[in-house]
Peer 1: 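Take this structure, written in structure tokens, and hold onto it; I'll ask about it next.
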Amino acid sequence: DTGVSQDPRHKITKRGQNVTFRCDPISEHNRLYWYRQTLGQGPEFLTYFQNEAQLEKSRLLSDRFSAERPKGSFSTLEIQRTEQGDSAMYLCASSQRQGYQETQYFGPGTRLLVL
Amino acid sequence: GENVEQHPSTLSVQEGDSAVIKCTYSDSASNYFPWYKQELGKRPQLIIDIRSNVGEKKDQRIAVTLNKTAKHFSLHITETQPEDSAVYFCAVPGGSGNTGKLIFGQGTTLQVKP
């Protein structure tokens with residue numbers, strides 16, 4: 001499968017614990033995005049990288065959230081001291097920006113449940 | 001910032017009928033308009049997109065029309081089939097031009113009755 005992959009697909013944790021998610025983009029894609037999706041809503045932007053540089057972070061991304069893309073390939077999203085409000089689907093997308101054109105392709109998501 | 005409104009929130013049609021979903025946006029500089037389909041428990045999948053000043057784009061039973069003056073674009077599905085049942089999201093770039101983060105509409109749940 002040459003699409004975007006995410007791991008784990010599901011995560012159940014207790015409030016206060018830390019969790020880390022991984023995203024592997026399509027291999028030639030230089031941009032990687034993280035979105036959060038709650039039930040009945042569209043995906044909401046969290047942050048994105050171009051190669052290893054984090055170019056933008058949403059105001060939704062509190063200090064408890066951190067994302068990295070150390071070698072410009074896979075990315076990790078860590079949530080510290082999880083809260084019940086963090087329960088959501090975390091989606092990763094990747095794209096190859098060419099000039100002023102770009103199409104984002106999504107991974108299957110990691111569904112997080114905080115008890 | 002960019003604001004996207006999508007209507008209707010739910011749509012039920014008989015198999016074989018057409019379905020139309022509309023999105024309006026606020027930033028007149030937006031120049032890229034994708035539509036994603038998301039089946040229950042699955043990833044959003046790009047089904048069609050339109051760029052530049054092209055007013056319409058078709059791909060088999062799916063088409064997107066764009067009215068930049070009025071700042072709205074619509075998804076048209078003809079000859080609907082039960083497998084078209086899903087949630088559909090429109091999106092526009094939240095950054096400049098055609099790139100960067102996407103701002104999504106609230107979604108339309110389409111039900112196609114056999």
Side-chain angles (χ1 to χ4, degrees), chain A residues 1-7 9-10 23-26 29-50 53-61 67 88-111 113, chain B residues 1-10 21 23-25 27 29-54 57 59 64 75 86-110:
Chain A
D1 185 356
T2 56
V4 180
S5 61
Q6 292 186 245
D7 184 70
R9 296 290 306 279
H10 304 272
C23 172
D24 286 89
I26 295 171
H29 284 186
N30 59 1
R31 284 193 168 185
L32 187 149
Y33 295 81
W34 285 99
Y35 293 85
R36 180 169 66 188
Q37 186 177 28
T38 53
L39 200 61
Q41 300 296 317
E44 293 179 295
F45 169 77
L46 293 178
T47 188
Y48 88 99
F49 296 83
Q50 179 159 303
Q54 189 172 18
L55 295 189
E56 186 176 353
K57 293 193 294 185
S58 164
R59 285 171 291 179
L60 293 174
L61 216 63
M89 173 77 86
Y90 289 84
L91 291 163
C92 174
S94 73
S95 69
Q96 176 66 23
R97 182 182 176 185
Q98 293 178 326
Y100 288 99
Q101 297 200 359
E102 173 181 2
T103 300
Q104 294 182 30
Y105 297 92
F106 282 84
T110 295
R111 185 170 295 282
L113 177 61
Chain B
E2 178 68 270
N3 187 44
V4 181
E5 296 284 336
Q6 183 174 343
H7 297 281
S9 57
T10 60
I21 304 169
C23 278
T24 60
Y25 59 98
D27 186 354
S30 293
N31 210 21
Y32 172 59
F33 307 94
W35 284 92
Y36 286 85
K37 174 185 180 182
Q38 188 174 30
E39 298 178 22
L40 190 63
K42 296 192 176 180
R43 72 186 76 192
Q45 287 194 305
L46 180 74
I47 55 171
I48 195 167
D49 59 12
I50 190 169
R51 292 187 170 92
S52 74
N53 292 323
V54 173
K57 181 179 178 180
D59 182 3
V64 55
L75 177 70
V87 181
Y88 292 81
F89 293 99
C90 63
V92 295
S96 60
N98 295 331
T99 68
K101 66 186 178 187
L102 292 175
I103 306 300
F104 284 83
Q106 298 88 342
T108 297
T109 301
L110 173 64

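Just so we're on the same page: letters track the sequence lines, and every chain starts at 1. What you are looking at is a predicted structure, and each value in this text was computed from that prediction instead of being measured.
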Peer 1: Does A:Q104 reach the main-chain N or O of B:G100 with its side chain, forming a donor-acceptor pair under 3.5 Å?
Peer 2: yes

Peer 1: What's the shortest heavy-atom distance between A:G107 and B:R43, and which atoms?
Peer 2: O-CB, 3.0 Å

Peer 1: Working to the nearest 0.5 angstrom, can you tell me the gap between A:F45 CZ and B:I103 CD1?
Peer 2: 8.0 Å

Peer 1: Using non-hydrogen atoms and a 4.5 Å limit, figure out which bit of A:Q50 sits close to chain B: side chain, backbone, both or neither.
Peer 2: neither

Peer 1: Taking side chain as everything from C-beta outward and backbone as N, CA, C, O, which of these in B:P44 sits under 4.5 Å from a heavy atom of chain A? Side chain, backbone, both or neither.
Peer 2: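 Both parts, backbone and side chain.
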
Peer 1: Which bit of A:T103 comes within less than 4.5 Å of chain B, counting heavy atoms only: side chain, backbone, both or neither?
Peer 2: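 Its backbone and side chain both get close to chain B.
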
Peer 1: Which atom names give the shortest non-hydrogen contact between A:P43 and B:F104, and what distance separates them?
Peer 2: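 That would be O-CD1, 3.4 Å.
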
Peer 1: Shortest non-hydrogen contact from B:Q38 to A:Q37?
Peer 2: OE1-NE2, 2.8 Å

Peer 1: Identify which part of B:L102 has an atom lying under 4.5 Å from any heavy atom of chain A, answering side chain, backbone, both or neither.
Peer 2: both

Peer 1: Counting only non-hydrogen atoms closer than 4.5 Å, does A:E56 touch chain B with its backbone (N, CA, C, O), its side chain (CB onward), both, or neither?
Peer 2: side chain

Peer 1: So does A:K57 have more than 12 non-hydrogen atoms from other groups sitting under 6.0 Å from NZ?
Peer 2: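 Check fails, neighbour count at 12 or below.
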
Peer 1: For A:Y105, I'd like to know if atom OH has over 12 heavy atoms of other residues, nucleotides or ligands within 6.0 Å.
Peer 2: no

Peer 1: Nearest 0.5 angstrom please: B:K101 NZ to A:R31 CZ, how far?
Peer 2: 12.0 Å

Peer 1: Non-hydrogen atoms of chain A under 4.5 Å away: do they reach the side chain of B:Q6, the backbone, both or neither?
Peer 2: neither

